[in-house]
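A short worksheet on the structure shown next.
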Amino acid sequence: MLRGKQSWEFSNHPVIRSTGVAVGPFEANGNLTADFDVIHDDLWMGNTSYEQAHRMLLEEAAQTALKKSNLKPEDTQFFIAGDLINQITPTSFAARDLQIPYFGLFGACSTSMEGLALASFMVNYGGANNVLTGASSHNAAVEKQFRYPTEYGGQKPPTAQWTVTGAGVGLITNNPLNDEKLPYTTSATIGKVIDMGLADPFNMGGAMAPAAADTILAHFNDLQKDPSYYDLIVTGDLGKIGRETALALLKEKGLSLDSNKFKDCGLLLYKENQPVQSGGSGAGCSATVLYGHLLNEMKNGMYKRILLVATGALLSPLTVQQNETIPCIAHAVSIEI
Amino acid sequence: MADSKKKNKTPKQQQYAKFEQQFETKRPVLKNCIKAFFVGGLICMIGQFISYLYIYFFHFTEQTSGNPTSATVIFISMLLTGFGIYDRLGQFAGAGSAVPVSGFGNSIISAAIEHRTEGFVLGVGGNIFKLAGSVILFGVFSAFVVALIKTIFLMMTGGL
Amino acid sequence: MLPMFFWAFIIGGIICVIGQLMFDVAKLTPAHTLTTLVVVGAILDGLGLYEPFADFAGAGATIPITSFGNALVHGAMQEAEKHGLIGVLTGMFEVTSSGISAAIIFGFIGALIFKPKG
Amino acid sequence: MNIKKGSLSIIIICFCILLTGCSKGSDHSRWALFKKVDPQPLSIYAEDGDSSLVEGIKKDTASVSAIYDVAVIKGKKDTLVAYKVKHMSRFKMKSIEKELTKKLKSDYPDEKFTVSSDFKIFLETMRLWDKMQDPNYSDKKANKRLKAIIKLNNELT
């Protein structure tokens, strides 16, 4: 049901029945290792190219999610996913192997929540019984496309972020199977593209913060809720700088959040001493942290209600070179248990 | 470049740019410069050492030892790039490892290694100058202009 | 000879600091920074300043990328002395050829034997 | 910083190899790059008056204030003058060379000079000088070697 200007409420409570998360070596050394299903100790993962490894991550995550629910690809109506590589080939190639009817999404790093919102919408209104949704990214494949060759000795400024190698997939269904308490989605707010004129591709957090703030404000306006309703508000990959900027922006707009209840996936994922500069980023960042870590925490009773706001910077290497500013977007999905 | 960007910005965007800046982690310029100084200086000192080796053991004079020296430095840079050390050195030293010829070698070699998955002709061949191409282009063109002006000047003044 | 090492270190270091300032203060990309330094090297040689500088600092002046511009001009000027204006064109790579060819050859060898580590 | 430490130790090791590796022959050429060796000026075909001539050339060269170490070897036709320039004067190396050539030409109009401030030329001159200390080393060989050094000096790149 449409609520307010840009939000949906899912009254039938689509359930996230199972999840699958596959990550690379760098993430395995981070904070959340215990929450991941498949861990690779090599960036190549036995493939001949990083792009193939990228595809493999998503496939493994999808297969794990299906296996945990005892489902076959045929039982799943739709597969909604995306990544950052040109023409989202890793995702489409994975969809070729999965043989599930497929929607390819591109929302940069916000793809995970875009997919979850759409999947919940479909399931809520009977458009599907089971939908597989997720997002993935691979550090070396993304660096190769957006930045410099991985072996190039360029210095990254402290505002830069580290692209996550990982894929997170969730199975959204209208059939919770047994009596076990499972997390379900209750609402989603679709963001609009916001461009505040920043153009530095090594400071994405700062560019994306206004989009996150805009979507969070819209969410509370549309659903007539208060920030205290949520135990935790998590942003996708704002990093240190973006998180602080977003907090300050929200405060300026009259919405003060408890900074202990406002976290960022890019900061949760890595240890303090890992050289990720401002934090993690990439489509896989919010996907691995939500489908791996946060849902586990919810099942363990740490949180009852969370709002996940995944942010995306809709740039390409071409637009950066043409001196265009960075348009950004954010989508929010609320999950309760 | 920066000016043209500013012109297109709305007042709201300019205001945000200022607002955002207070949260940005500042680049540690002094620390970076010290690191660049020591690593860059060290690379040049190693280069000096290599050139003395060429003078001492081979038939090179101070004038002619420059070429084999830069070739050797580039060779070392290839090994460091291939073993995945140079990118870490680059993150530490910044311009200290980018400005010496080893950095020029690194930009060529890293691009060549990166694109071998696309094949040797289209991948390696097509991308090897991805980063170094601009250095070569502007180096050659500016040298052409400078040499042309200097030659004409010398001809006019009768120096040639 | 020993002061040579000292000055190579100091001058080489200073050129790198200039590069670092172009990165951090002027916020240029590495490609813009290196390109600028090469052009500066070419102009300095055109003014006849680079050679005394290289005499003084040795590798401190020949190892930084600025020497690439200097060497290009040098090759062109050498040839120009022999053949006039045409020499500017033909002599361009006279001196620098080794650096570029070394980089190309080692780059390709590197691509043959190494894989990016990520 | 392991990289720094490693490369430093490599430099030190290489230095040691360099110092010990070529210890045959006289000491002069071994130390030629490191310190002032101040060799006796030589003439390959020692004729009457030659020793005072090369002595004079050396004194003349050393009188240039920026020059601190001079090696002179006179061959059949050519005279090779290799010298070291004080480091702070290396900026003016070209003009020093010009000044010296002019000075030597006006003082000794009959001689043909090759002057060089290049370390390599100085080193090779000292190597030849060391060899010439051996009485068995023939004058012809020495003159040939001298010519080779002069040729090396005239190579541009």
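Keep in mind that the numbers below use all heavy atoms, side chains included, and drop hydrogens, waters and symmetry copies. In what follows, chains are A, B, ... by sequence order, proteins preceding strands, each numbered from 1.
Looking only at atom types and distance, the side chain of Thr91(A) has a donor-acceptor partner in the side chain of Asp83(A) under 3.5 Å away. Using modelled atom types, one finds no donor on one side chain facing an acceptor on the other under 3.5 Å when comparing Glu51(A) with His138(A).
Looking at Thr48(A), only its backbone comes within 4.5 Å of chain B, counting heavy atoms on both sides. For a residue to count as touching a neighbouring chain, one of its non-hydrogen atoms must lie under 4.5 Å from one of that chain's; by this rule Pro275(A) does not touch chain B. Heavy atoms of Gln277(A) lying under 4.5 Å from chain B belong exclusively to its side chain. The contact between Lys130(B) and chain A is made entirely by side chain atoms (from C-beta outward), counting heavy-atom distances below 4.5 Å.
Between Glu118(B) and Lys144(A) there is a salt bridge, with a side-chain nitrogen of the basic residue lying less than 4.0 Å from a carboxylate oxygen of the acidic one. A salt bridge is absent between Lys240(A) and Glu24(B): the closest approach of a Lys/Arg side-chain nitrogen to an acidic carboxylate oxygen does not fall below 4.0 angstrom.
Among Asn106(B), Ile109(B), Asn127(B), Ile113(B), the residue with the largest count of heavy-atom pairs under 4.5 Å with chain A is Asn106(B). Interface remark: of the candidates Glu114(B), Lys26(B), His115(B), Arg116(B), Glu114(B) forms the most heavy-atom pairs closer than 4.5 Å to chain A. Your options are Ala207(A), Ala248(A), Gly242(A), Gly205(A), and the one with the most heavy-atom pairs under 4.5 Å with chain B is Ala248(A). Contact tally against chain A (heavy-atom pairs below 4.5 Å) for Ser107(B), Ser97(B), Ala17(B), Ala98(B): the top residue is Ser107(B).
Gln161(A) places a side-chain N or O within 3.5 Å of a backbone atom of Gly280(A) that can act as its donor or acceptor partner.
In this structure, the side chain to side chain contact (heavy atoms under 4.5 Å, CB included) partners of Pro28(B), at least two apart in sequence or on a different chain, are Pro158(A), Lys31(B), Asn32(B).
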